[in-house]
Amino acid sequence: MEVPKGSLLHLRFGAGNVDPEEWECPYDLDLSRKAVTRHLVFSAGPRVCPGAGISRVEQTIAWNLLLDRLDGIAYAPGNTFEHQPGIMLGTLALNLNITKAA
């Protein structure tokens, strides 16, 4: 694909965590993945998200509570991993198979 001279580019880093050259099995939910905290979610440097610290604490609490109540969570068939347009990125749909703890 050619980009015409003078074009305005909007660079997107939404695939930063799913690069198969960087991450083995990038679409697998693997919380024990090496360097799992190395991601682009809150940015870094002078433009770091001011709420990053509290958000990480809240996410840790929420995930721990959720995972304590589950025996399993896995991707279900039919995921396409298409991202919604805009600055805030996220999948359009996420199909999961969830197994409640006994």
Side-chain angles (χ1 to χ4, degrees):
M1 177 178 150
E2 277 192 36
V3 178
K5 182 179 178 178
S7 295
L8 177 64
L9 298 179
H10 182 186
L11 301 177
R12 304 295 296 270
F13 298 98
N17 295 337
V18 293
D19 180 355
E21 292 182 19
E22 180 70 22
W23 306 103
E24 184 178 332
C25 304
Y27 291 109
D28 289 354
L29 178 62
D30 181 1
L31 300 178
S32 64
R33 183 185 306 274
K34 183 180 176 184
V36 73
T37 59
R38 201 177 93 236
H39 54 73
L40 304 173
V41 177
F42 296 115
S43 193
R47 289 184 171 69
V48 68
C49 174
I54 188 70
S55 180
R56 286 187 176 109
V57 170
E58 292 169 342
Q59 290 176 64
T60 299
I61 292 168
W63 276 107
N64 286 333
L65 287 171
L66 176 67
L67 295 174
D68 285 347
R69 291 165 172 79
L70 300 177
D71 276 341
I73 184 170
Y75 289 122
N79 286 302
T80 60
F81 299 101
E82 295 177 61
H83 287 93
Q84 63 187 355
I87 294 174
M88 300 300 288
L89 298 176
T91 57
L92 293 171
L94 180 61
N95 302 309
L96 298 173
N97 287 326
I98 297 173
T99 307
K100 184 178 176 181

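Linking ILVMFWY residues whenever their side-chain heavy atoms come closer than 4.5 Å, directly or via other members, leaves I54 and W63 in distinct clusters.
L67 CG to R69 CZ: the interatomic distance, rounded to the nearest 0.5 Å, is 10.5 Å. Atoms CG and CD1, from L66 and I61 in turn, are 13.5 Å apart once rounded to the nearest 0.5 Å.
No donor-acceptor distance shorter than 3.5 angstrom exists from the side chain of S7 to the backbone of V3, with no hydrogens or angles considered. Distance alone, capped at 3.5 Å, is enough to place a donor-acceptor pair between the N79 side chain and the N95 backbone.
No side-chain heavy atom of I73 sits less than 4.5 Å from a side-chain heavy atom of T99.
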Could you walk me through whether N97 and Y75 pass the side-chain contact (heavy atoms from CB on, under 4.5 Å) test, one step at a time? CA-CA 6 Å; N97 287 326; Y75 289 122; over 6 Å; no

